[in-house]
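Have a look at the structure below before the remarks.
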Amino acid sequence: MASASLARIAAVTALAASAGLAAASGAAAQARSAAPAPRPAVRVNQVGYPPASAKIAYVMLPRPVRIVRFALENPPGGVYLTGQSTDYLGRWSRAYQAVYRLDFSAFRHPGTYRIAVTSPAAALSPAFVIASPRALYHRLVLNSVRYFTSERDGASVPATVLHREPANLTDRRATVYADPVYDHNDNLLGKFRKIGGPVNVAGGWFDAGGGYEKFAYTASYSDALMLVAARDFPGQYPTLASEAGFGLRWIGRLWNPVRKVMYVQVGIGNGNASNTIEGDYNFWFLPQREDKLGAKPGAPDYYVEYRPVFEAAPPGRPVSPDLAGRFAADFALGAQLDAATRPQQARRLLAEARGVYAMAQTAHVGSIVTTFPHDYYPGSQWKSDMAWGAAEIALADEALGSRPGLLRRDLGTAARWARAYIAQGHPAAGDTFNLYDTGAVAEADLLQAIRHAPGTPVIAPVALLDDLAAQLRVGEHWARTEPFGLGSALGSSDASPHAFGLAITNALYQRSGGSGAFAAFAQQQLDFALGANAWGSSFVVGAGSTFPHCMQSEIANLAGSLTGRGAIQLGAVTDGPSSLGNFTGLGTVPGMKACSAGNFKPFNNAVAGYEDNVVSWPSVEPADDYTAGSLLAFALGAGGTGS
């Protein structure tokens, strides 16, 4: 009855105002028709292109045209090449109904350039360079290492990087609690129950920008990628091996080989709904403040100052196979790096790798352990981690001259898990190399181990190569779904790490004997992450002319510059575009410095958006796994692999 009355009132009101509304509607329609069309926008890889690589730019136009004319200019205006394109890639959004591909791959001369679109309307790209792979990427690897240095926890924190200070020294004597339980909204249920301690879990890296928790799941993955880069490019990056070693020492503190227990998390992000227990996400301050809260037992902030530690499983019980495989890879990679100069240390690390690998639960696995709550990192893949751990153990065997029979056994284990991983398949809409799927590095390092081992290969090398190619074809499938060619699902997946992961996969594929069939596609992934996307932003801090200034990073926000110049968190990698629904309901935390940069909204579409705003964690929260992927991709690129 009430709703019918309201409907009638609305109808009378509408009739009474009909003439005025009609006039207003006509005026609004006229104003809309007179609104200027959006300006054309040219997108390029703002870091630049190796001379021999594919070189693709994009122009976004308000409507399709018959032909696009462009020029390659050398500032301040010398024209080196002219071209034209009819390569229409599709509609991007209501505002930009046409994207065209501008191919200048044949041009190889080093220098600084811009793409100038001359018709149907004038538009100019940011500057970029054509230069050797080393010139393009060497500095970016060092920037990536510097990001990890800026995220250090514990006593060994260089003050020269963003004025960092020692932090969370209470982690030296931390208490172990029973695994917490969270509801579907990530609210902690119940209270913490002490089960052990004290344990020394000081050190390591903060997991991501918006909090100071430390997770074994992400740290073991990130450190392994750094160790791979340090192994494969020895001596080329002065800070890399020491930073990777810093991470490995923390991983070593999380595994107790005597008690056979693994610690997987230090700290909590979310407390309970009533805030009688608070977590890191309740606060916004520099990490050294956590040691100075003066919290007493029972106080809401007690577990922020005295951070809880959680186990993967009770002592002596099998642990989640994703973690067992990753830890084994870390220790075995450390052994490979130390084999020539510190053989005794290398043998100890190899023993640690074997010990933790043997504790993997590989039957009746169910939900794997990642973090608490699980949906921070909702991983489900683990067979790739088991293959990875065994492959690195085999390579450590070779580096240390282990007995042939032992090497053969370890190679057989790696091959068994590689077959299990391959058997899962790579459906067209599936995943590719990133935090949740480590198959590409596992397969490439197994190929390396096989080729150095005597006797018949334990698995056909072509099977591993073919599977690497299958992962790249998954990326190519995704790339056909949108104009800028991202090799994963735009909006719903982690854009930057998937782009870097595909570049890594191609480089490993080519280095392992695969063809160059995917090289142009892999370059396209680097292009996307470094500015050749709808928003015209690089998602790597300090790379290119437009990059995140206002990250959701407490350290960057409070200790750094908010202008993109000066003291910035160099090397940090953010996710980039995300589903529009992820940007609703975002809010500030007391202490957060307001910061917003750029105007990217005109380039959003119905699927994805991007914001450079400190509250916009879906776009601009940096993370260890994101940055580690860029580090390895840049190191492989600088080595000339994959182009």
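We're numbering straight along the sequence, starting at 1.
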Tell me, do [X] and [Y] make a side-chain contact under 4.5 Å, heavy atoms counted?
X: Thr371; Y: Glu213; answer: no
X: Met226; Y: Leu631; answer: yes
X: Thr276; Y: Asn272; answer: yes
X: Pro548; Y: Tyr610; answer: yes
X: Phe206; Y: Ile555; answer: yes
X: Val589; Y: Asn282; answer: no
X: Glu352; Y: Val356; answer: no
X: Phe433; Y: Leu502; answer: no

Flag the pair Phe246 / Phe148 as yes when their ring centroid distance falls below 6.0 Å, and as no otherwise.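 No, too far apart.
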Measuring centre to centre across the rings, with the benzene-like ring taken for any Trp, is Phe327 within less than 6.0 Å of Trp255?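 No - the distance between ring centres of Phe327 and Trp255 does not fall below the 6.0 Å cut-off.
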What's the verdict on side-chain hydrogen bond (donor to acceptor under 3.5 Å, both in side chains) for Tyr221 and Asp624, showing C-alpha distance, side-chain angles and the deciding distance? CA-CA 9 Å; Tyr221 167 85; Asp624 291 358; over 6 Å; no
Side chains of [X] and [Y]: is there a donor and an acceptor less than 3.5 Å apart?
X: Thr149; Y: Glu243; answer: yes
X: Asn582; Y: Ser578; answer: yes
X: His426; Y: Asp431; answer: no
X: Asn557; Y: Trp284; answer: yes
X: Glu151; Y: Gln569; answer: yes
X: Gln345; Y: Arg348; answer: yes

Which residue is it: Trp250, Phe310, Phe215? I am looking for the one with a side chain to side chain contact (heavy atoms under 4.5 Å, CB included) to Val266.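 That would be Trp250.
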Look at the side chain of [X] and the backbone N and O of [Y], then say whether any donor-acceptor pair between them is shorter than 3.5 Å.
X: Ser320; Y: Leu323; result: no
X: Asn434; Y: Thr432; result: yes
X: Glu443; Y: Leu446; result: no
X: Arg307; Y: Tyr212; result: yes
X: Asn613; Y: Ser616; result: no
X: Arg164; Y: Ser150; result: yes
X: Thr574; Y: Val620; result: no
X: Thr413; Y: Arg409; result: yes
X: Thr370; Y: Tyr377; result: yes
X: Gln552; Y: Val614; result: yes

Before giving the answer on ring-ring contact (aromatic ring centres under 6.0 Å, His included), spell out for Phe500 and Phe634 the whole-Å C-alpha distance, their side-chain angles and the decisive distance to 0.1 Å. CA-CA 9 Å; Phe500 286 120; Phe634 293 144; 5.4 Å; yes
Residue list, ring-ring contact (aromatic ring centres under 6.0 Å, His included) with [X], at least two apart or on another chain:
X: Tyr182; value: none
X: Tyr147; value: none
X: Trp382; value: Trp417

For [X] against [Y], the heavy-atom pair lying closest together:
X: Ala597; Y: Cys550; result: N-SG, 3.9 Å
X: Val573; Y: Tyr626; result: O-CD1, 3.4 Å
X: Asp280; Y: Gly211; result: OD2-C, 3.8 Å
X: Leu188; Y: Asn270; result: CB-O, 4.4 Å
X: Phe583; Y: Ser619; result: CZ-OG, 3.2 Å
X: Tyr263; Y: Ala216; result: O-CB, 4.0 Å

Decide, yes or no, whether a salt bridge links Asp207 with Lys214 under the criterion of side-chain N to carboxylate O below 4.0 Å.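 Lys214 and Asp207: not salt-bridged.
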Among all residues two or more places apart in sequence or in another chain, which pass the salt bridge (Lys or Arg N to Asp or Glu O under 4.0 Å) test with Arg173?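 For Arg173 there are no salt bridge (Lys or Arg N to Asp or Glu O under 4.0 Å) partners, ignoring immediate neighbours.
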Within 45° cone and under 6.0 Å: Arg193 NZ/CZ vs Tyr177 ring: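 Negative - Arg193 is either too far from the ring of Tyr177 or too far off its axis.
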Value rounded to 0.5 Å, distance of [atom1] in [X] from [atom2] in [Y]:
X: Leu227; Y: Leu248; atom1: CG; atom2: CG; value: 6.0 Å
X: Asp183; Y: Leu189; atom1: CG; atom2: CG; value: 5.0 Å
X: Asp494; Y: Tyr436; atom1: CG; atom2: OH; value: 6.0 Å
X: Ser222; Y: Leu435; atom1: OG; atom2: CG; value: 7.0 Å
X: Leu225; Y: Thr627; atom1: CG; atom2: OG1; value: 11.0 Å
X: Ile368; Y: Asp322; atom1: CD1; atom2: CG; value: 4.0 Å

Could you give the side-chain donor-acceptor pairs of residues 383-397 under 3.5 Å, partners two or more places apart or in another chain?
unit_1, atom_1, unit_2, atom_2, d
Ser384, OG, Thr438, N, 3.3
Ser384, OG, Thr438, OG1, 3.1
Asp385, OD1, Arg326, NE, 3.0
Asp385, OD1, Thr438, OG1, 2.8
Asp385, OD2, Arg326, NE, 3.3
Trp388, NE1, Glu392, OE2, 3.0
Glu392, OE1, Arg231, NH1, 3.2
Glu392, OE1, Gln336, NE2, 3.0
Asp397, OD1, Arg354, NH2, 2.6
Asp397, OD1, Ser402, OG, 3.2

Can you list the steps and then say if Phe372 with His374 is a ring-ring contact (aromatic ring centres under 6.0 Å, His included)? CA-CA 5 Å; Phe372 302 102; His374 179 76; 8.9 Å; no
Do the rings of Tyr376 and Tyr281 sit parallel, tilted or perpendicular, given the 30° and 60° boundaries?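 Tilted: the ring planes of Tyr376 and Tyr281 meet at 30° to 60°.
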What donor-acceptor contacts under 3.5 angstrom involve side-chain atoms of residues 285-304, with partners at least two apart or in another chain?
unit_1, atom_1, unit_2, atom_2, d
Asp291, OD1, Leu169, N, 3.2
Asp291, OD2, Asn168, N, 2.8
Asp291, OD2, Leu169, N, 2.8

